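To find a chain, count down the sequence lines: A is the first, B the second, and so on, and within it residues start at 1. Model, not experiment: these values are computed from the prediction.
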Number of protein chains: 2
Amino acid sequence: MDNLFLRKVERQVRLPEAARAALGDLARQQIRHVAARQDLVGHDTGPHHAHLILDGWACRYRQFPDGRRAIVALLLPGDLCDPYRVHRIRADHAVGALTALTVARLAPEALDEAARAHPAIEACFRREMLAALALQREWTAGVGRRSAIERLAHLFCELHLRLAAVGLVADATFPMPVTQPDLADALGQTSVHINRTLRELRAAGLIELRGRRLTIRDLPGLKALALFDPAYLYWA
Amino acid sequence: MDNLFLRKVERQVRLPEAARAALGDLARQQIRHVAARQDLVGHDTGPHHAHLILDGWACRYRQFPDGRRAIVALLLPGDLCDPYRVHRIRADHAVGALTALTVARLAPEALDEAARAHPAIEACFRREMLAALALQREWTAGVGRRSAIERLAHLFCELHLRLAAVGLVADATFPMPVTQPDLADALGQTSVHINRTLRELRAAGLIELRGRRLTIRDLPGLKALALFDPAYLYWA
DNA sequence: GTTCCGCGCCAACCCATGTTAGCTTGGCGG
DNA sequence: CCGCCAAGCTAACATGGGTTGGCGCGGAAC
């Protein structure tokens with residue numbers, strides 16, 4: 001199980017050997033397996049560990065008291081979740097596994113120390129934060145101003161690039177293990193409408209989605225429909 | 001013109017005298033005035049300065065090629081905008097003045113140095129980032145899953161707390177210089193519907209909005225309607 | 001002082017998306 | 001091998017919020 005975070009990072013900057021080794025060590029400390037639909041971090045968890053996603057998909061979500069749920073971010077293999085310590089009594093959101101998950105649990109002290117010892121690692125963490133922020137802004141803009149079909153198309157373009165950055169795309173095909181109800185919560189719609197919209201995308205010859213795998217049939221078309229501009233993707 | 005960022009910060013942690021002085025110096029370097037509706041940072045600006053908002057309101061927004069606009073964040077007095085350097089050719093969004101604005105322009109090198117010299121300042125910057133991220137998540141969740149009236153109510157609750165943290169609230173009344181078209185772009189709606197919804201909130205006796213000032217008539221009622229949970233506000 | 005334009009405000013109409021309800025399929029536990 | 005349940009899929013109907021268009025006001029430019 002190779003370290004996808006490293007692979008993503010080194011698409012941008014070559015790390016010093018010592019930093020690379022330190023990051024590798026970190027990721028090998030404490031491997032945890034989480035079943036699909038389990039929480040990695042609960043709404044009421046206090047200060048907690050950071051996590052590196054090694055395999056599987058997770059999401060950050062917020063559950064409202066009346067049952068509504070909003071998924072505010074998707075976490076893919078190679079994503080580093082909360083590199084900086086959060087000193088809060090109560091988290092503002094939870095992190096849940098969408099599929100079976102393999103993660104490295106990272107002690108905050110170990111991260112701090114690695115960042116202090118290797119400026120390159122500190123830079124990585126910072127970049128990961130800035131990337132998460134830019135991504136979050138794009139999601140806010142999208143839910144606010146994109147139509148249903150544009151949102152879905154945009155998400156697929158985004159996933160395509162993010163997964164390609166960690167080598168999980170082959171032949172314009174990649175895993176898409178997110179169920180329609182989950183997509184609905186991520187895009188601010190209902191599962192019924194997600195289904196309608198998927199049908200439209202398929203009928204337009206833009207995508208093919210079967211058995212948890214997505215194939216993009218017409219990438220330029222999909223990007224045009226989504227008004228996709230990759231400027232916000234830091235690692236891709 | 002006192003430094004509102006300092007005031008906000010020191011509600012949480014007492015800074016060492018040297019750090020406080022350094023932050024004060026930073027803010028006094030290069031004061032800039034910007035007219036309402038002008039961009040502080042454009043969509044196509046490359047790496048740029050950081051800004052400390054001293055007076056007035058600004059917003060981060062994204063303009064789509066077809067004219068649609070999404071406001072993804074409001075920047076209030078005391079907010080620190082982009083403390084960490086962004087090494088990108090093209091920004092993913094712009095920052096614009098909603099009202100006449102007074103800002104301190106901060107050179108990235110000066111910030112880096114202050115952060116290196118004073119761990120307390122580094123901690124402040126990091127906290128500002130984490131706060132921005134949490135805020136952005138809440139906005140994403142809101143646009144995705146809250147109804148029109150809930151969104152508006154929620155925004156007012158948020159502004160109430162954020163402005164209170166810098167001492168700009170008196171008698172449950174605070175400045176609200178955002179026009180209805182701007183509110184629409186921030187909440188993912190149209191100005192017509194914002195108008196309808198404002199009327200509803202007024203009719204329900206929850207708020208009063210006159211002459212760019214908002215008075216909250218029934219805070220508990222407003223919070224209940226908005227499903228407001230302040231867990232995501234780091235400074236307030 | 002006049003002109004103009006952006007904003008607040010409102011009503012009528014309409015459509016994109018939500019709601020409800022049901023059927024089908026496939027994977028999993030027993 | 002059976003039963004169960006979550007997810008995919010669809011149709012019929014309902015509605016929140018978008019669209020269009022129009023009025024009046026007040027502040028800024030001249």
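Remark: aromatic rings of A:Tyr232 and A:His154 are close, center separation under 6.0 Å.
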Using a cut-off of under 3.5 Å, enumerate the N/O to N/O pairs linking the protein to nucleotides 5-10 of chain C.
residue, atom, partner, partner atom, Å
C:dC7, O3', B:Arg212, NH2, 3.4
C:dG8, OP1, B:Arg212, NH2, 3.0
C:dG8, OP2, B:Gln180, N, 2.8
C:dC9, OP2, B:Gln180, NE2, 2.9
C:dC10, OP2, B:Arg199, NE, 3.2

- [ ] Kindly indicate, with the supporting measurements, whether the criterion salt bridge (Lys or Arg N to Asp or Glu O under 4.0 Å) is fulfilled by A:Glu158 and A:Arg151.
- [x] CA-CA 10 Å; A:Glu158 176 183 315; A:Arg151 260 180 267 179; over 6 Å; no
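Rounded to 10 degrees, the angle between the two end axes of the helix from C:dG1-D:dC30 to C:dG30-D:dC1 is 60°, with five pairs used at each end.
Checking side-chain atoms of B:Asn3 against main-chain N and O of B:Leu6 turns up a donor-acceptor pair under 3.5 Å. A donor-acceptor contact shorter than 3.5 Å links the side chain of B:Thr99 to the backbone of B:Trp57. Proximity of a side-chain donor or acceptor of B:Gln38 to a complementary backbone N or O of B:Ala35 within less than 3.5 Å is not detected. The main-chain N or O of A:Ala226 is found under 3.5 Å from a side-chain atom of A:Arg146 such that the two form a donor-acceptor pair. Counting only distance, with no hydrogens or angles, the side chain of B:Arg69 and the backbone of B:Asp185 share no donor-acceptor pair below 3.5 Å.
Residue contacts shown for B:Gly188 are limited to sugar-phosphate atoms, with no base heavy atom under 4.0 Å away. Contact annotation for B:Ser147: backbone-only contact, meaning every heavy-atom pair under 4.0 Å involves sugar-phosphate atoms and none involves a base.
One can place CZ of A:Arg210 at 17 Å from P of C:dT25, the figure rounded to the nearest angstrom. One atom, CZ of B:Arg151, and another, P of D:dG16, lie 13 Å apart when rounded to the nearest Å. Distance A:Ile194 CD1 to C:dT19 P: 13 Å, rounded to the nearest Å. Between the C1' atom of C:dA16 and the CD atom of B:Gln189 lies a distance of 15 Å, rounded to the nearest Å. Here D:dG17 presents its C1' atom at 13 Å from CG of B:Leu187, a figure rounded to the nearest Å. Counting to the nearest Å, the P atom of D:dG17 and the CD atom of B:Glu150 are 9 Å from each other. One atom, NE2 of B:His193, and another, P of C:dC14, lie 19 Å apart when rounded to the nearest Å. As a whole-Å value, the separation of B:Arg196 CZ from D:dG16 P is 11 Å.
With a 6.0 Å radius and a threshold of 12 heavy atoms from other residues, nucleotides or ligands, A:Asp66 has its CG atom above the threshold.
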Without placing hydrogens or testing angles, list every side-chain donor-acceptor pair under 3.5 Å for residues 75-83 of chain A, not counting sequence neighbours.
residue, atom, partner, partner atom, Å
A:Asp79, OD1, A:Lys8, NZ, 3.1
A:Asp79, OD2, A:Leu76, N, 2.9
A:Asp79, OD2, A:Arg162, NH2, 2.9
A:Asp82, OD1, A:Arg60, NH1, 3.3
A:Asp82, OD1, A:Arg60, NH2, 3.4

